[in-house]
Amino acid sequence: MKVIIDAGNRSYFSLEDLRRYKSLFINLAKRDFSVRYKQAVAGIIWALIKPLVNVLVFGYISTKISGAADTSLHFVTVASAMLLWQLFSNVFNDVSQSIVGNSNLFSKVYFPKIIVPLSTLLVCLVDFFISLLILIVLFIITGQTLHWQSLLAPVFVLLTVINGFGIGLYFATINVKYRDVKFIVPVILQFGMYLTPVIFSTKFYLDRMPEWLHWLFCLNPMVGAIEGFKYSLFGAEAIYNPVYFALSIAVSFLFLFIGIRYFYRYEQSFVDYI
């Protein structure tokens with residue numbers, strides 16, 4: 001007798017599985033993209049509207065509160081951080097809901113379940129690249145120029161995806177059993193934005209915090225991603241603190257490892273709860 005699936009075996013991440021099921025991966029991504037914008041009057045323009053509103057509102061508030069000398073540079077800096085945070089939010093939220101949202105697929109045929117949350121990344125990246133038009137226009141309007149550090153920008157975009165995917169995968173696993181997650185994630189994202197250097201810089205936060213709390217603030221994985229992205233685009237200031245910067249990036253990969261490990265530990269039991 002040939003065993004197709006052994007419930008007693010623990011699965012593990014395999015690039016070979018992703019290669020074998022790449023057509024399913026692509027089709028799921030296409031479906032998610034069409035569902036998001038199907039019958040929307042403005043269509044894909046909605047990928048610009050939300051980040052544009054956030055950039056205008058929070059950019060204005062930050063400029064007024066911080067009292068920055070160069071308001072145009074400060075506004076564009078906040079815009080870049082806001083777009084990166086929007087990417088993280090979309091990845092985190094979509095990945096955390098991906099398993100429950102595709103529960104009808106799991107009882108029909110076997111496939112590596114990791115493909116479902118991975119396919120959501122493509123839609124989030126498409127939204128992000130569309131929203132980058134806002135940043136390009138702001139660069140042109142304010143007369144900003146790119147530096148050699150701009151070559152590093154994709155690294156921090158990737159780091160942001162890693163953050164959203166790792167944390168989202170952990171919550172996606174919890175969400176299978178406890179459906180409260182869909183209510184918790186928006187709250188985490190809302191408060192998380194104010195604890196991350198999106199509206200204000202990391203220096204702004206650290207200057208107002210006791211020194212013994214600095215390391216705790218930098219355990220936020222998005223601190224390193226956003227500050228690195230700002231540095232790559234503007235290059236005016238050195239990274240606030242190399243040790244804290246490295247700490248934040250290390251936490252990013254730690255969360256990715258935990259998310260993947262936790263997902264594969266419990267994926268065999270998904271069908272029991274779904």
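The figures here come from the full heavy-atom set of this structure, side chains too, leaving out hydrogens, waters and symmetry mates. Note that the coordinates shown come from a computational prediction; the quantities given were computed from them, not determined experimentally.
Both Leu254 and Val91 are part of a single hydrophobic cluster, where members link through side-chain heavy atoms under 4.5 Å apart. One hydrophobic cluster, built from ILVMFWY side chains closer than 4.5 Å, holds both Phe255 and Ile184. Following chains of ILVMFWY side-chain contacts shorter than 4.5 Å, one cannot reach Leu56 starting from Ile141, and the two form parts of different hydrophobic clusters. Side-chain heavy atoms closer than 4.5 Å link hydrophobic residues (I, L, V, M, F, W, Y) into clusters, and following such links, even through other members, never connects Val198 to Leu195.
Ser201 pairs by the side-chain hydrogen bond (donor to acceptor under 3.5 Å, both in side chains) definition with nothing, not counting sequence neighbours. Contacts of Ile199 classified as side chain to side chain contact (heavy atoms under 4.5 Å, CB included), with partners at least two apart in sequence or in another chain: Phe58, Ser62, Met193, Tyr194. With sequence neighbours excluded, the residues satisfying side chain to side chain contact (heavy atoms under 4.5 Å, CB included) with Leu122 are Phe25, Ala29. Every residue meeting the salt bridge (Lys or Arg N to Asp or Glu O under 4.0 Å) condition with Asp207, not counting sequence neighbours, appears here in chain and number order: Lys203. Applying the side chain to side chain contact (heavy atoms under 4.5 Å, CB included) criterion to Ser252, with sequence neighbours excluded, gives Leu159, Asn163, Pro221. The side-chain hydrogen bond (donor to acceptor under 3.5 Å, both in side chains) check on Gln144 picks up nothing, with sequence neighbours excluded.
Considering CG of Leu233 and OH of Tyr231, their distance stands at 12.0 Å, rounded to 0.5 Å. Taking CD1 of Ile174 as the reference point, atom CD1 of Ile99 lies at 13.0 Å (rounded to 0.5 Å). How far OG1 of Thr160 is from CD1 of Ile226: 7.0 Å, rounded to the nearest 0.5 Å. With rounding to the nearest 0.5 angstrom, the OH atom of Tyr170 is 8.5 Å from the OG1 atom of Thr173. We find the SG-CZ distance between Cys124 and Phe129 to be 11.5 Å, quoted to the nearest 0.5 Å. How far CD1 of Ile260 is from CD1 of Ile114: 6.0 Å, rounded to the nearest 0.5 Å.
Although no hydrogens or angles enter the test, the distance criterion places no donor-acceptor pair under 3.5 Å between the side chain of Thr196 and the main chain of Met222.
Phe191 forms part of a hydrophobic cluster together with Val187, judged by ILVMFWY side-chain heavy-atom separations under 4.5 Å. Within the hydrophobic cluster formed by Ile, Leu, Val, Met, Phe, Trp and Tyr side chains joined at under 4.5 Å, directly or through other members, Leu151 stands alone, with no partner residue.
Ring to ring, Phe257 and Phe253 are not that close: their centroids are 6.0 angstrom or more apart.
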Solution key, residues 76-87 side-chain donor-acceptor pairs under 3.5 Å, sequence neighbours excluded:
{"residue": "Thr77", "atom": "OG1", "partner": "Leu73", "partner atom": "O", "Å": "2.8"}
{"residue": "Ser80", "atom": "OG", "partner": "Thr77", "partner atom": "O", "Å": "2.6"}
{"residue": "Trp85", "atom": "NE1", "partner": "Ser89", "partner atom": "OG", "Å": "3.2"}
{"residue": "Gln86", "atom": "OE1", "partner": "Asn54", "partner atom": "ND2", "Å": "3.1"}

Please tabulate, for side-chain N and O atoms in residues 130-138, each donor-acceptor pair with protein atoms closer than 3.5 Å (sequence neighbours left out).
{"residue": "Ser131", "atom": "OG", "partner": "Asp127", "partner atom": "O", "Å": "3.4"}
{"residue": "Ser131", "atom": "OG", "partner": "Phe128", "partner atom": "O", "Å": "2.6"}

Show me, pair by pair, the donor-acceptor contacts under 3.5 angstrom made by side chains of residues 212-219, not counting sequence neighbours?
{"residue": "His214", "atom": "NE2", "partner": "Leu206", "partner atom": "O", "Å": "2.9"}
{"residue": "His214", "atom": "NE2", "partner": "Met209", "partner atom": "O", "Å": "3.3"}
{"residue": "Trp215", "atom": "NE1", "partner": "Trp212", "partner atom": "O", "Å": "2.9"}

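Nearest heavy-atom pair across Gly168 and Phe92 is CA-CD1, 3.6 Å. Here the closest non-hydrogen pair linking Ser98 and Val116 is O-CG1, 3.4 Å. The nearest pair of heavy atoms linking Pro197 to Tyr205 is CA-CE1, 3.9 Å.
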Val55 and Phe75: CA distance, side-chain angles, deciding distance, side-chain contact (heavy atoms from CB on, under 4.5 Å) verdict = CA-CA 8 Å; Val55 164; Phe75 190 90; 4.0 Å; yes
Trace of the side-chain contact (heavy atoms from CB on, under 4.5 Å) decision for Phe229 with Leu152 | CA-CA 8 Å; Phe229 191 62; Leu152 298 174; over 6 Å; no
Test Thr202 against Phe245 for side-chain contact (heavy atoms from CB on, under 4.5 Å), laying out the working first.
-> CA-CA 10 Å; Thr202 297; Phe245 181 70; over 6 Å; no
For Val95 and Leu121, run side-chain contact (heavy atoms from CB on, under 4.5 Å): C-alpha distance rounded to whole Å, both residues' side-chain angles, the deciding distance at 0.1 Å, then the answer.
-> CA-CA 8 Å; Val95 169; Leu121 296 182; 4.1 Å; yes
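Annotation: side chain of Leu169 is not in contact with side chain of Tyr262 (no heavy-atom distance under 4.5 Å). Residues Val223 and Tyr244 are not in side-chain contact: their nearest non-hydrogen atoms beyond the backbone lie 4.5 Å or more apart.
Side-chain contact annotation: Asn175 with Ser96, donor-acceptor N/O pair under 3.5 Å absent.
Taking the centre and axis of the six-membered ring of Phe263, the NZ or CZ atom of Arg265 falls outside the cone set by 45° and 6.0 Å.
Listed by first and then second residue, the salt bridge (charged side-chain N to carboxylate O under 4.0 Å, His left out) pairs that reach into residues 94-104 are Arg36-Asp94, sequence neighbours excluded.
Within a 6.0 Å radius of OH in Tyr60, no more than 12 heavy atoms belonging to other residues, nucleotides or ligands are found.
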